Student: 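Next up is a structure, given as structure tokens.
As the structure is a computational prediction, the values presented were derived from the model and not from experiment.
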Amino acid sequence: MQESAAIISASAPVREAERYASIDVLRGIAVLGILAINIYFFALPGNDYIYPSASGGFAGLNLLTWKFTSLFFLQKMMGIFSMLFGAGIVMMYDKAERAGRKFKALHYRRMFWLLIIGMIHAYFIWHGDILVTYAICGMILFIFRRRSPRTLIILGLALFFFGILIQVAGGYNFSRLKESAAEAERILQEGGEISKSQEESMDAWKKVSSNFNTTEDSMKVESDAFRGGYVDVFKFRLPYAFMMQTQALIFIVIWRTLGIMLLGMALMKLGIFSAQRSMKFYLIMTLLGYGTGLPLVMYGINELIAHNFDFIYQFKVGMNYNHIGSVLVALGHVGLVMLLYKWGILKWLTRCLAAVGRMALSNYLFHAVVFTTIFYGYGLGLFNRFDRFYLMWFVAGMWVVNLAVSPLWLKYFQFGPAEWLWRTLTYRKRQPMRIIS
């Protein structure tokens with residue numbers, strides 16, 4: 001990534017470096033915004049995503065905090081980050097083509113080493129890793145690099161909604177299991193005998209419901225594990241990391257992620273991420289994204305509360321409001337950021353955000369190292385001891401650190417430390433790190 005350029009005015013021509021700078025700003029906002037959601041997974045029991053009222057406080061400021069982060073951050077920032085990942089593949093391919101360099105081998109080495117970094121991150125630092133998913137998706141996305149924006153949008157939406165269909169099908173399967181188990185239980189209570197298939201339905205439902213329903217005992221077990229030593233945490237984390245990279249990846253995550261990345265590739269080719277479109281275009285994009293997405297997400301939030309976060313309802317209906325609405329809100333965020341960027345206001349902030357974006361991988365990994373150390377037992381052992389509202393102070397503190405340290409680091413070095421390592425491994429040659437005056 002080239003060094004970020006100065007913020008340009010709305011009427012000035014958009015040069016190559018400036019196109020990269022606008023993407024850096026977006027990436028910086030995304031990586032900071034992702035932390036506002038990840039902090040819950042660093043600090044609270046894992047079922048918080050499905051059943052947030054079980055921990056972290058769910059009244060007063062805590063409820064408002066959950067609603068606010070769900071409305072503006074949940075899946076929206078990860079959506080922007082995913083779009084930019086797809087955009088980055090297009091950008092690197094175009095750059096290689098212009099330079100007459102082969103891109104395929106370089107790309108797959110890049111994705112291979114991202115996969116390795118992600119595996120280390122997932123199993124030895126934090127099981128909520130997304131890098132493994134990105135690496136796998138990146139390997140698939142290569143075959144679509146030459147496709148037209150129209151084709152990329154159609155393919156992206158098809159994969160995105162296919163993922164939703166799988167999720168809905170899972171909800172109806174859970175519903176069927178629950179009904180079968182209830183019928184078998186009724187027969188047993190009346191003194192009758194049940195078939196082997198009914199017995200299997202009861203066992204399956206018991207396993208499914210225990211996985212999704214949070215109890216005081218399950219939260220205590222998880223809290224004790226994460227407040228333990230490193231070996232205790234590692235043993236508890238192992239099956240969760242494996243599940244994230246297998247079951248969750250195949251049935252839920254990969255379809256949405258691939259779909260959004262394909263959309264990002266299309267938006268890059270259309271000049272949307274590179275600040276090439278008009279102010280009017282970005283204004284309409286902002287109004288349409290927020291005008292359709294925010295009401296949809298807010299309705300979904302209220303419905304989740306009304307249904308007491310029943311996981312069957314979530315799979316069948318409840319999650320879909322945010323799954324769809326989050327993409328619209330993410331596009332609204334992009335439109336707003338591009339407007340501010342082209343206006344040239346808050347230059348100091350956009351320069352800092354661009355620096356955070358250029359060091360996105362380093363900052364993402366830094367978040368995991370710092371917060372697992374704060375909340376896990378081999379550090380301060382503060383897991384499940386803070387309510388949601390107070391967790392946002394940790395987020396704000398890290399935002400300040402990232403915004404201050406990233407531009408200072410890039411004053412002396414060309415890359416963040418993780419970016420330098422990734423680049424060195426990819427090119428199979430030690431990359432120059434310091435900036436030579």
Side-chain angles (χ1 to χ4, degrees), residues 34-35 37-52 54-56 78 111-139 167 170 174 203-204 206-257 311 315 361-362 364-386 391 418 421-422 425:
I34 287 168
L35 180 60
I37 298 300
N38 281 352
I39 193 69
Y40 296 147
F41 298 97
F42 288 130
L44 299 175
N47 265 5
D48 179 80
Y49 180 77
I50 296 292
Y51 196 39
S55 59
M78 187 60 75
M111 293 302 104
F112 170 77
W113 286 114
L114 183 63
L115 178 68
I116 298 301
I117 293 169
M119 294 288 280
I120 294 170
H121 178 231
Y123 287 99
F124 295 97
I125 301 175
W126 183 53
H127 56 275
D129 168 80
I130 195 63
L131 302 179
V132 169
T133 298
Y134 276 31
I136 294 171
C137 289
M139 294 176 185
Q167 180 180 287
F174 294 152
D203 292 339
K206 183 177 180 180
K207 183 178 180 180
V208 167
S209 58
S210 66
N211 285 337
F212 289 106
N213 288 328
T214 300
T215 65
E216 290 291 335
D217 289 341
S218 66
M219 285 195 295
K220 185 179 186 306
V221 168
E222 186 170 352
S223 296
D224 290 344
F226 281 120
R227 290 174 192 162
Y230 184 84
V231 174
D232 298 315
V233 173
F234 178 80
K235 289 179 179 178
F236 194 84
R237 174 171 55 217
L238 200 62
Y240 284 98
F242 184 74
M243 184 273 293
M244 284 285 292
Q245 295 170 8
T246 52
Q247 184 179 344
L249 176 67
I250 295 169
F251 291 105
I252 298 176
V253 179
I254 195 168
W255 308 105
R256 174 185 173 86
T257 307
F311 74 89
F315 274 82
L361 179 59
S362 295
Y364 173 76
L365 294 173
F366 182 65
H367 295 167
V369 170
V370 169
F371 287 117
T372 53
T373 302
I374 289 174
F375 295 111
Y376 290 178
Y378 54 79
L380 300 180
L382 299 178
F383 187 83
N384 203 20
R385 295 194 186 278
F386 286 91
L391 289 176
L421 176 62
W422 188 17
L425 292 169

Student: Keeping D232 on the side-chain end and G229 on the backbone end, is there a donor-acceptor pair under 3.5 Å?
Tutor: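 Yes, D232 side chain to G229 backbone: donor-acceptor pair under 3.5 Å.
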Student: Give a yes or no on whether a salt bridge exists between K207 and D203, defined as a side-chain N under 4.0 angstrom from a carboxylate O.
Tutor: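 Here K207 does not pair with D203 in a salt bridge, since their nearest N and O are not under 4.0 Å apart.
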Student: Can you tell me how far CD1 of I37 sits from CG of D48, rounded to the nearest 0.5 angstrom?
Tutor: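 Nearest 0.5 Å value for the CG-CD1 distance: 9.5 Å.
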Student: What's the separation between atom CG in L382 and atom OG1 in T373, rounded to the nearest 0.5 Å?
Tutor: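 If we round to the nearest 0.5 Å, L382:CG and T373:OG1 are 11.0 Å apart.
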Student: Centres of the Y240 and F41 rings: under 6.0 Å?
Tutor: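 Centroid separation for Y240 and F41: 6.0 Å or greater.
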Student: Okay, side chain of W255, backbone of I250: is any donor-acceptor separation there less than 3.5 Å?
Tutor: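 A pair under 3.5 Å: yes.
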Student: Please find the pair of heavy atoms, one from S362 and one from A418, that lie closest to each other, and give the distance.
Tutor: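 Minimum heavy-atom separation between S362 and A418: OG-N, 2.9 Å.
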Student: Apply side chain to side chain contact (heavy atoms under 4.5 Å, CB included) to the pair H121 and L365, showing each step before the final yes or no.
Tutor: CA-CA 8 Å; H121 178 231; L365 294 173; 3.7 Å; yes
Student: Within the 4.5 Å heavy-atom criterion, are F371 and Y376 side-chain neighbours or not?
Tutor: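 No. Closest side-chain heavy atoms not under 4.5 Å.
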Student: Rounded at 0.5 Å granularity, tell me how far CZ in F251 sits from OG1 in T246.
Tutor: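 Rounded to the nearest 0.5 Å, the CZ-OG1 separation comes to 9.5 Å.
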Student: Using ring pair (Phe, Tyr, Trp, His ring centres under 6.0 Å) as the criterion, point out the one residue from W126, F383, F386 that pairs with F42.
Tutor: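 Single pass found, and it is W126.
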Student: Applying ring pair (Phe, Tyr, Trp, His ring centres under 6.0 Å), can you list everything that pairs with H367, at least two apart in sequence or on another chain?
Tutor: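 H367 satisfies ring pair (Phe, Tyr, Trp, His ring centres under 6.0 Å) with no residue once adjacent residues are dropped.
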Student: Using the side chain to side chain contact (heavy atoms under 4.5 Å, CB included) rule, take T372 and V233 through it: C-alpha gap first, then chi angles, then the decisive distance, then the call.
Tutor: CA-CA 10 Å; T372 53; V233 173; over 6 Å; no
Student: To the nearest 0.5 angstrom, please state how far the OH atom of Y134 sits from the CG atom of L114.
Tutor: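 The CG atom of L114 is 10.0 Å from OH of Y134, to the nearest 0.5 Å.
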Student: Check step by step if side chain to side chain contact (heavy atoms under 4.5 Å, CB included) holds for V221 and F236.
Tutor: CA-CA 10 Å; V221 168; F236 194 84; 4.2 Å; yes
Student: How long is the gap from CD1 on I252 to CE on M244, to the nearest 0.5 Å?
Tutor: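 The CE atom of M244 is 9.5 Å from CD1 of I252, to the nearest 0.5 Å.
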Student: Do N384 and R227 touch side chain to side chain, with heavy atoms closer than 4.5 Å?
Tutor: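 Heavy-atom side-chain distance check passes, below 4.5 Å.
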Student: Might you point out which heavy atoms bring L249 and I136 nearest each other, and give the distance in Å?
Tutor: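 Smallest interatomic distance, heavy atoms only, reads CD2-CD1, 3.7 Å.
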Student: Which pair of heavy atoms, one from L115 and one from M139, lies closest together, and at what distance?
Tutor: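 Looking at all heavy atoms of both residues, the closest pair is CD2-CE, 4.4 Å.
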Student: Testing Y51, Y49, F174 for ring pair (Phe, Tyr, Trp, His ring centres under 6.0 Å) with F212, which one passes?
Tutor: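 Among Y51, Y49, F174, the one meeting ring pair (Phe, Tyr, Trp, His ring centres under 6.0 Å) with F212 is F174.
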Student: Hey, are the side chains of Y364 and N38 touching, using non-hydrogen atoms and a 4.5 Å cut-off?
Tutor: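 In short, these two side chains touch, coming nearer than 4.5 Å.
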Student: Provide the closest heavy-atom pair for G118 versus L131 in the form atom of the first, atom of the second, distance.
Tutor: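 In this case the closest contact between G118 and L131 is CA-CB, 3.7 Å.
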Student: Considering residues at least two apart in sequence or located in another chain, which fulfil the ring pair (Phe, Tyr, Trp, His ring centres under 6.0 Å) criterion with F366?
Tutor: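 F366 satisfies ring pair (Phe, Tyr, Trp, His ring centres under 6.0 Å) with no other residue.
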Student: I want to check something: taking the side chain as every heavy atom from C-beta on, are L44 and L391 in contact at a cut-off of under 4.5 Å?
Tutor: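 With C-beta onward as the side chain, the pair touches.
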Student: Measure the CZ-CG distance between F311 and N213 for me, rounded to the nearest 0.5 Å.
Tutor: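 If I round to the nearest 0.5 Å, the distance is 5.5 Å.
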Student: Examine F226 together with F375 and report whether their ring centres are nearer than 6.0 Å.
Tutor: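 Distance test on ring centres: not under 6.0 Å, no.
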Student: Work out which heavy atom in A241 is nearest to a heavy atom in A122; give both atom names and the distance.
Tutor: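 Scanning both residues completely, I find the closest heavy atoms to be CB-O, 3.8 Å.
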Student: Do side-chain atoms of Q245 reach the backbone of V132 as a donor and acceptor pair under 3.5 angstrom?
Tutor: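 It does not hold such a pair.
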Student: Can you give me the closest heavy-atom contact between A135 and M111, atom names plus distance?
Tutor: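 That would be CB-O, 3.4 Å.
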Student: What class does the angle between the rings of Y230 and F234 fall in, given that below 30° is parallel, 30 to 60° is tilted and above 60° is perpendicular?
Tutor: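 It falls in the parallel class, under 30°.
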